[in-house]
2 protein chains.
Amino acid sequence: MLQHSILETLPRELQKEALESIQVMRFPPGKILFRAGEHCQGLPLMLSGAIKVQMTGVSGNSIVLYRMGADDICTLSIGCLMTGYGYRAEAIVDEEAEAAMVPRGLFDRLMDQSAAFRLGIMESYGRRLDDLMLLVEEVAFRRMDERLEEWLQARKSPIHITHQELAVELGTAREVVSRLLKELERKGRVSLARGRIDVSG
Amino acid sequence: MLQHSILETLPRELQKEALESIQVMRFPPGKILFRAGEHCQGLPLMLSGAIKVQMTGVSGNSIVLYRMGADDICTLSIGCLMTGYGYRAEAIVDEEAEAAMVPRGLFDRLMDQSAAFRLGIMESYGRRLDDLMLLVEEVAFRRMDERLEEWLQARKSPIHITHQELAVELGTAREVVSRLLKELERKGRVSLARGRIDVSG
DNA sequence: GGGGTCAGTGTGACTTTATCACTGAACGGA
DNA sequence: TCCGTTCAGTGATAAAGTCACACTGACCCC
């Protein structure tokens, strides 16, 4: 119940309040948590699963910005809560996810009364900032074939994904992914099937 | 004295403490505030001037991530303060800058005791996150000639900058900037001189 | 002033990536 | 089985990145 590290550090009374006002929600894969432009209701603390955050540019192309996993905090929601602006990106569930939704009022109280909670929030922000800085560098300067291979190596085979989805992961075009994958297949590093990639080795 | 909006919201006693422990520093153009890997001393609140934050990738190429101006807060420093990790990027003064340096202890106390201070910090984080998300999209999907023209339009002519520096602003190679600028010159949109660009219109 | 030095710029040749247009293959209903 | 839809492959072309090297203006120093 409410297994999120940031809540475990709270003093007894706040923990009690948390238990009362936090509601745990469960989201199936593919579920869209929020879209660009929407406004947020509360702060999701992730208990399990995986959620990807991606944005779509003016060009119509999309790119995955980062992923959230167990014990993460949705930093985008913090921004929305504090400033009242809508989301700029969208969040889509990868693996069935559970999240504890902290309502606005409790969030304010926790920020006010728990140094540990504040630290958790700030760390989370810092990590995202780091993620994005690295992503900028990656997108700006690294070669696509290297990035693709790394991406493939980081998962376990077989990988179930379409070329289009993979293009969004890397922030490129579908055709580019198709060609690079074909090239890898020719080299014997992967074998391809519709919606599926088997990595050799 | 200490004209930073986030400090003006403080209750009298904290303001007094702030005045005592904050020291205002002045930095000349070109001064490097911090480099990648360094550790931070305190939280800079910018009073005036302009500072660019850029990072250098494994490839050796650099890109400007964002700029800080008057009334900004250095979010990278917050991350360093809270987590103890070194900076991942570097900060370089563009226009002579003044900053109020908030020491660690005061920072903790302000976070604890001022909701307005917390709000300011969080807003600042949110803005950076937004900046970086937009930058990712820009770098991944937008055409370089458009980005270059926008960059030029956003300043007032004459612009004193080398092609190399401009390449870092946009996250591309010097040759690309040179060629695009030459093309613009042929179209009569700019005129070029060593270290200087005049934009027509 | 002439010569040397060096940062800054120009450009050709080539590779990589993006875009456009289209084809065909695989899959899932009806 | 047929049909529509999604997914994948590919040629042609344009944009951007990389490598190599030549040129030029600014400055210093004798």
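Labels below follow one simple rule: chain letters A, B, ... track the order of the sequence lines, proteins then strands, and each chain is numbered from 1.
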Participant: In whole angstrom, give the distance that lies between atom CD of A:Glu138 and atom P of D:dG17.
Facilitator: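 A:Glu138 atom CD is separated from D:dG17 atom P by 16 Å.
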
Participant: On DNA chain C, compare the nucleotides closest to A:Gly171 and A:Arg194; which residue's is nearer the 5' end?
Facilitator: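 Its nearest nucleotide being more 5', the pick is A:Gly171.
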
Participant: Using whole Å, what does the distance between atom P of nucleotide D:dA16 and atom CG of B:Leu180 come to?
Facilitator: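 One finds 6 Å between P of D:dA16 and CG of B:Leu180, rounded.
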
Participant: Anything under 3.5 Å between a protein N or O and an N or O of nucleotides 11-14 of chain D, put it in a table, one pair a line.
Facilitator:
| unit_1 | atom_1 | unit_2 | atom_2 | d |
| --- | --- | --- | --- | --- |
| D:dG11 | N7 | A:Arg179 | NH1 | 3.2 |
| D:dG11 | O6 | A:Arg179 | NH2 | 3.1 |
| D:dA12 | N6 | A:Arg179 | NH2 | 3.2 |

Participant: Counting only side-chain N and O atoms of A:Asn61, is one of them less than 4.0 Å from OP1 or OP2 of C:dT19?
Facilitator: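 Result: yes.
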
Participant: Under the 3.5 angstrom rule, does the side chain of A:Arg104 hit a backbone N or O of A:Leu81 as a donor-acceptor pair?
Facilitator: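 Yes; at least one donor-acceptor contact below 3.5 Å.
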
Participant: Nearest whole angstrom, please: distance from the C1' of D:dA16 to the CZ of B:Arg147.
Facilitator: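 Checked: the CZ to C1' distance equals 12 Å.
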
Participant: How close or far is atom P of C:dT17 from atom CZ of B:Phe141, stated in whole angstroms?
Facilitator: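 For the pair B:Phe141 CZ and C:dT17 P, the rounded distance is 15 Å.
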
Participant: State, to 0.1 Å, how close B:Asp71 and B:Gln3 come at their nearest heavy-atom pair, and which atoms those are.
Facilitator: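 Scanning both residues completely, I find the closest heavy atoms to be OD1-O, 4.4 Å.
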
Participant: Mind telling me whether B:Phe107 and B:Phe117 have parallel, tilted or perpendicular rings, with 30° and 60° as the class edges?
Facilitator: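 Aromatic pair B:Phe117/B:Phe107 classed perpendicular.
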
Participant: Is it the case that more than 12 heavy atoms not belonging to A:Arg12 sit under 6.0 Å from its CZ atom?
Facilitator: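 Result for CZ/A:Arg12: open.
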
Participant: When you measure from the side chain of A:Val176, which nucleotide among C:dT19, C:dT9, D:dG17 comes out closest?
Facilitator: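 Closest nucleotide to the A:Val176 side chain: C:dT19.
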
Participant: How close do A:Ser200 and A:Val190 get, heavy atom to heavy atom, and via which atoms?
Facilitator: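 Taking every non-hydrogen atom into account, OG-N, 3.7 Å.
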
Participant: Does the side chain of A:Thr162 get closer than 4.0 angstrom to OP1 or OP2 of D:dT6 through an N or O atom?
Facilitator: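 So the side-chain polar atoms of A:Thr162 never come under 4.0 Å of the phosphate oxygens OP1 or OP2 of D:dT6.
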
Participant: Expressed as a whole number of angstroms, how long is the span from A:His160:NE2 to D:dC7:C1'?
Facilitator: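 Going from A:His160 (NE2) to D:dC7 (C1'), I get 16 Å.
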
Participant: Let me know the distance between CG of A:Leu192 and P of C:dA26, rounded to the nearest Å.
Facilitator: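 From A:Leu192 CG to C:dA26 P: 13 Å.
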
Participant: What heavy-atom pair brings B:Ser77 and B:Pro44 nearest, and what distance separates the two atoms?
Facilitator: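 Shortest heavy-atom contact: OG-CD, 3.4 Å.
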
Participant: Please determine if a side-chain N or O atom of A:His163 lies less than 4.0 Å away from the OP1 or OP2 oxygen of D:dT6.
Facilitator: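 For A:His163, the contact criterion (side-chain N or O under 4.0 Å from OP1 or OP2 of D:dT6) is not met.
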
Participant: May I ask you to check if A:Arg147 and A:Trp151 form a cation-pi contact, with NZ or CZ under 6.0 angstrom from the six-membered ring centre and within 45° of the axis?
Facilitator: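 That pair does not qualify as a cation-pi contact.
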
Participant: Go through C:dT11, D:dC7, C:dT17 for me and flag the one nearest to the B:Arg174 side chain.
Facilitator: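 It is C:dT11.
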
Participant: In this structure, how many angstroms lie between the P atom of D:dG9 and the CD atom of A:Glu185, rounded?
Facilitator: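 In whole Å, D:dG9 P lies 7 Å from A:Glu185 CD.
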
Participant: Take atom CG of B:Leu170 and atom P of D:dG17, then tell me their distance rounded to the nearest Å.
Facilitator: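 Distance, rounded to whole Å: 10 Å.
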
Participant: Does B:Thr172 make a side-chain N or O approach to OP1 or OP2 of D:dG17 shorter than 4.0 Å?
Facilitator: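 It does, given that an N or O in the side chain of B:Thr172 lies less than 4.0 Å from OP1 or OP2 of D:dG17.
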
